[in-house]
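Working notes, structure below.
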Amino acid sequence: QAQRHHDSVLLLVLALQANAEHPAYQDALEQLGVALQYGSHLHCAEAMHARALARAGDRALPHLNLGLLKLHSARETEAQQHLERAIALACGHPSVAISVLCAPALQGLGSAQALLGRPRAARRLFLACARLAAHLAARAGPHVVCYMSAAAVSQELGDLDEAIPYLVR
């Protein structure tokens, strides 16, 4: 597993060195950032995400990747900015390939809000994520996690009657 990950990173690096003008360059840059993040090379991953963002600030994926990295690095305020931008770019986008990024961006922003001490905003975002994910997937999947998160925040707020319906979905 580790060797395959290392090989994947190496192939992405080689692809990036080949031609910065190639149409797939942006995708390779974004994938390398995710691969580095997966391998716990967070500083390098952040640099790749920032580079991808600098090249294409109008794409939702670099904002989502950078926002999630910052969220997992306990930099919630910075994460919030990127996740809000990812939501603005992805939610309602006519391309399914881009609109599916909306649910993880909503989930990430909900987590940032919860960590920043804004449980009501967090719950609203988790529920929006759940509704969207249920609409997109119509199966048990990411929306279950979103409902569980909304239930946890509702419980934290002392709204036990509101938490229960989220747990039985």
Side-chain angles (χ1 to χ4, degrees), residues 4-116 118 121-122 124-139 141-146 149-150:
R4 282 193 320 205
H5 180 261
H6 181 269
D7 293 347
S8 297
V9 170
L10 183 59
L11 287 172
L12 286 168
V13 169
L14 292 172
L16 287 171
Q17 290 178 343
N19 185 356
E21 300 306 315
H22 192 278
Y25 183 85
Q26 184 68 27
D27 293 333
L29 199 60
E30 292 166 1
Q31 290 174 12
L32 179 57
V34 171
L36 289 166
Q37 190 169 340
Y38 176 78
S40 298
H41 304 288
L42 300 182
H43 292 300
C44 294
E46 185 170 352
M48 283 299 115
H49 293 323
R51 189 169 167 191
L53 189 61
R55 285 183 52 91
D58 60 340
R59 286 177 54 133
L61 189 57
H63 284 286
L64 176 62
N65 289 338
L66 197 52
L68 293 176
L69 182 136
K70 289 177 184 270
L71 179 63
H72 292 119
S73 300
R75 293 164 26 203
E76 295 86 4
T77 303
E78 293 174 58
Q80 178 180 337
Q81 296 168 350
H82 289 288
L83 293 168
E84 285 173 346
R85 185 67 180 136
I87 289 167
L89 292 167
C91 298
H93 195 279
S95 166
V96 174
I98 295 172
S99 66
V100 297
L101 300 175
C102 186
L106 288 166
Q107 174 74 20
L109 185 57
S111 296
Q113 294 300 310
L115 292 168
L116 290 168
R118 301 178 188 133
R124 182 180 49 77
L125 289 159
F126 290 141
L127 291 174
C129 171
R131 286 188 289 275
L132 175 65
H135 173 74
L136 293 174
R139 291 191 212 169
H143 67 283
V144 173
V145 174
C146 299
S149 298

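- Expressed to the nearest 0.5 Å, how far CG of L69 lies from CG of L42 amounts to 5.5 Å.
- H49 and Q37 are linked by a side-chain donor-acceptor pair at a separation below 3.5 angstrom, with hydrogens and angles left out of the test.
- The side chain to side chain contact (heavy atoms under 4.5 Å, CB included) check on E78 picks up K70, R75, with sequence neighbours excluded.
- The heavy-atom pair separating A122 from G110 by the smallest distance is CB-O, 3.3 Å.
- Atom CG in L101 sits 6.0 Å away from atom CG in L64 (nearest 0.5 Å).
- Residues passing the side-chain hydrogen bond (donor to acceptor under 3.5 Å, both in side chains) test with E76, sequence neighbours excluded: none.
- Considering every non-hydrogen atom in both G33 and M48, the closest pair reads CA-CB, 3.6 Å.
- Put simply, the side chain of H63 gets close to the backbone of G57: a donor and an acceptor are under 3.5 Å apart.
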inquiry  = Walk me through whether H82 and L53 qualify under side-chain contact (heavy atoms from CB on, under 4.5 Å).
reply    = CA-CA 10 Å; H82 289 288; L53 189 61; 3.5 Å; yes
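- When every heavy atom of L71 is checked against every heavy atom of S111, the shortest pair comes out as CD2-CB, 3.8 Å.
- Remark: L66 CG to R85 CZ distance equals 13.5 Å, nearest 0.5 Å.
- Scanning all heavy atoms of the two residues, the minimum distance from L132 to A103 falls at CD2-N, 3.6 Å.
- Going from atom CG of L115 over to atom CD of Q80 covers 11.0 Å, rounded to the nearest 0.5 Å.
- Closest of all the heavy-atom pairs between L89 and D58 is CD2-O, 3.7 Å.
- When all heavy atoms are compared, the tightest approach of A90 to A60 is CB-CB, 3.9 Å.
- Note that CG of L83 is 5.5 Å distant from CG of L68, once rounded to the nearest 0.5 Å.
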